[in-house]
Amino acid sequence: PSRTEASAARRKMNRARAAGRTHERVRARAVVPGARVLVTRRCHDRRFFLPPFGDPRKGHAAEQTTNFYGYTLARAALKYGTQIHAACQMGDHHHLSITDVLGNRPNFKNSVHGNLARGLNGRFGRFDTVWSGGGSCDTVAPSDNESLDDLAYADCNPVTSGLVKWAHLWPGFTTYGWRFGETRTFKRPDWYFDPDNPDNPE
């Protein structure tokens, strides 16, 4: 009875709140072309599905994971016209500082997170979820200073987490030290991405 009464009280409070609202309730987040956003996504149960290290016993090298992460990110950025300002692969989560030039952020994130999950599951012989529930945490940066703070936060995350003394020592994927406009090349993994698909360039 006490649970039923508490539920009824909550429903009554919510109805009263809705009656006093002067604007229409919007559940979806606005996707605005040109928005600068810090995207953070955590792995399920905070497990290390994005390891910045290898496991020689299973034939996994750290370079394979960082290359796969970089290729997946570059593929989605090219396909959806997204500018990448900073990115960092942290083992149990990752950070992306981006500008959503064309308003394709949902498709961009779906491509990155979906392909990372399927590829990592295939690589590690798993069949379960990779990402935590609830989706990514997206923080919009309305000013240049806040956007710069997001960039620094992503690149320096291994240092602020106490994992390395200097950001350039981080073995996982990181854009630390990259110059603006600099081009990097990532090779299509031979264990994922169909080579006959035109969306998966060499």
Side-chain angles (χ1 to χ4, degrees), residues 17-18 20-44 46 49-50 52 65-66 68-117 130-186:
R17 185 182 300 152
R21 189 179 296 122
T22 58
H23 58 279
E24 183 180 353
R25 184 175 182 181
V26 178
R27 292 182 180 272
R29 292 182 178 178
V31 177
V32 181
R36 292 168 292 187
V37 184
L38 178 66
V39 178
T40 300
R41 189 91 194 251
R42 296 196 177 277
C43 295
H44 175 66
R46 295 183 182 253
F49 293 138
L50 289 167
T65 304
T66 55
F68 175 55
Y69 183 93
Y71 183 90
T72 304
L73 188 60
R75 177 184 180 274
L78 286 173
K79 185 173 182 178
Y80 295 108
T82 304
Q83 293 180 349
I84 308 294
H85 306 308
C88 189
Q89 159 209 344
M90 286 292 294
D92 66 344
H93 67 283
H94 78 118
H95 299 289
L96 297 173
S97 175
I98 65 171
T99 293
D100 183 18
V101 179
L102 303 176
N104 287 328
R105 180 163 34 115
N107 292 330
F108 166 78
K109 293 192 304 177
N110 184 57
S111 177
V112 171
H113 295 140
N115 282 304
L116 282 175
V130 169
W131 305 108
S132 63
S136 63
C137 175
D138 297 0
T139 306
V140 177
S143 70
D144 291 341
N145 286 339
E146 288 173 292
S147 186
L148 186 60
D149 287 345
D150 288 345
L151 187 153
Y153 176 82
D155 276 344
C156 298
N157 207 241
V159 177
T160 56
S161 298
L163 300 175
V164 290
K165 186 174 182 180
W166 307 107
H168 71 273
L169 298 176
W170 181 241
F173 182 96
T174 177
T175 52
Y176 179 83
W178 292 21
R179 295 187 299 272
F180 285 101
E182 182 177 352
T183 300
R184 296 288 176 108
T185 301
F186 299 95

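Looking at heavy atoms from C-beta onward, Leu50 lies out of side-chain contact with Asp92 at the 4.5 angstrom threshold. You'll find the side chain of Pro158 stays beyond 4.5 Å of the side chain of Tyr176, heavy atoms only. Residues Leu38 and Glu146 fail the side-chain proximity criterion, which asks for heavy atoms closer than 4.5 Å.
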After noting the C-alpha distance and the side-chain angles of Thr99 and Thr82, does the key distance pass the side chain to side chain contact (heavy atoms under 4.5 Å, CB included) rule? CA-CA 6 Å; Thr99 293; Thr82 304; over 6 Å; no
Check against side chain to side chain contact (heavy atoms under 4.5 Å, CB included), Val112 and Arg41: CA-CA 11 Å; Val112 171; Arg41 189 91 194 251; over 6 Å; no
Take Leu116 and Val130, measure what side chain to side chain contact (heavy atoms under 4.5 Å, CB included) needs, and give me the verdict at the end. CA-CA 9 Å; Leu116 282 175; Val130 169; over 6 Å; no
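Atom CE of Met90 and atom OG of Ser161 lie 4.0 Å apart (nearest 0.5 Å). Considering CG of Leu73 and CD of Gln89, their distance stands at 10.5 Å, rounded to 0.5 Å. If you take CZ on Arg46 and CZ on Arg42, they are separated by 4.5 Å, rounding to the nearest 0.5 Å. Once rounded to the nearest 0.5 Å, the distance linking CG of Asn115 with CZ of Phe68 reads 6.5 Å. In this structure, the separation between CG on Asp138 and OG1 on Thr40 is 8.0 Å, given to the nearest 0.5 Å.
In terms of heavy atoms, Tyr69 sits closest to His95 at OH-O, 4.1 Å. The two residues Ser97 and Ser147 have their closest heavy-atom pair at OG-O, 4.3 Å. Residues Gly91 and Pro52 approach most closely at CA-CD, 4.1 Å, considering heavy atoms.
Using a distance-only test at 3.5 Å, with no hydrogens or angles considered, no donor-acceptor pair links the side chain of Asn110 to the main chain of Pro106. With hydrogens and angles disregarded, no donor-acceptor distance shorter than 3.5 Å links the side chain of Gln83 to the backbone of Val101. Judged by distance alone, with hydrogens and angles left aside, the side-chain atoms of Ser111 form no donor-acceptor pair with the main-chain N or O of Asn107 at under 3.5 Å. Thr160 places a side-chain N or O within 3.5 Å of a backbone atom of Asn157 that can act as its donor or acceptor partner. Using a distance-only test at 3.5 Å, with no hydrogens or angles considered, a donor-acceptor pair links the side chain of Thr175 to the main chain of Ala87.
Below 30°, between 30° and 60°, or above 60°: for His113 and His94 the angle between ring planes is above 60°, a perpendicular geometry. Taking the six-membered ring where the residue is Trp, Phe173 and Trp178 present perpendicular rings, their angle passing 60° and hence far from 30°.
Applying the salt bridge (Lys or Arg N to Asp or Glu O under 4.0 Å) test to Arg179 and every residue at least two apart in sequence or in another chain returns nothing. With sequence neighbours left out, Asn104 forms a side-chain hydrogen bond (donor to acceptor under 3.5 Å, both in side chains) with no residue at all.
Of the residues Leu102, Val39, Ile84, the one that meets the side-chain contact (heavy atoms from CB on, under 4.5 Å) test with Phe108 is Ile84.
In this structure, Arg36 does not pair ionically with Asp150, as no charged nitrogen and carboxylate oxygen lie closer than 4.0 Å.
In summary, the side chains of Ser143 and Asn145 do not present any donor paired with an acceptor at a separation below 3.5 Å, with no hydrogens or angles considered.
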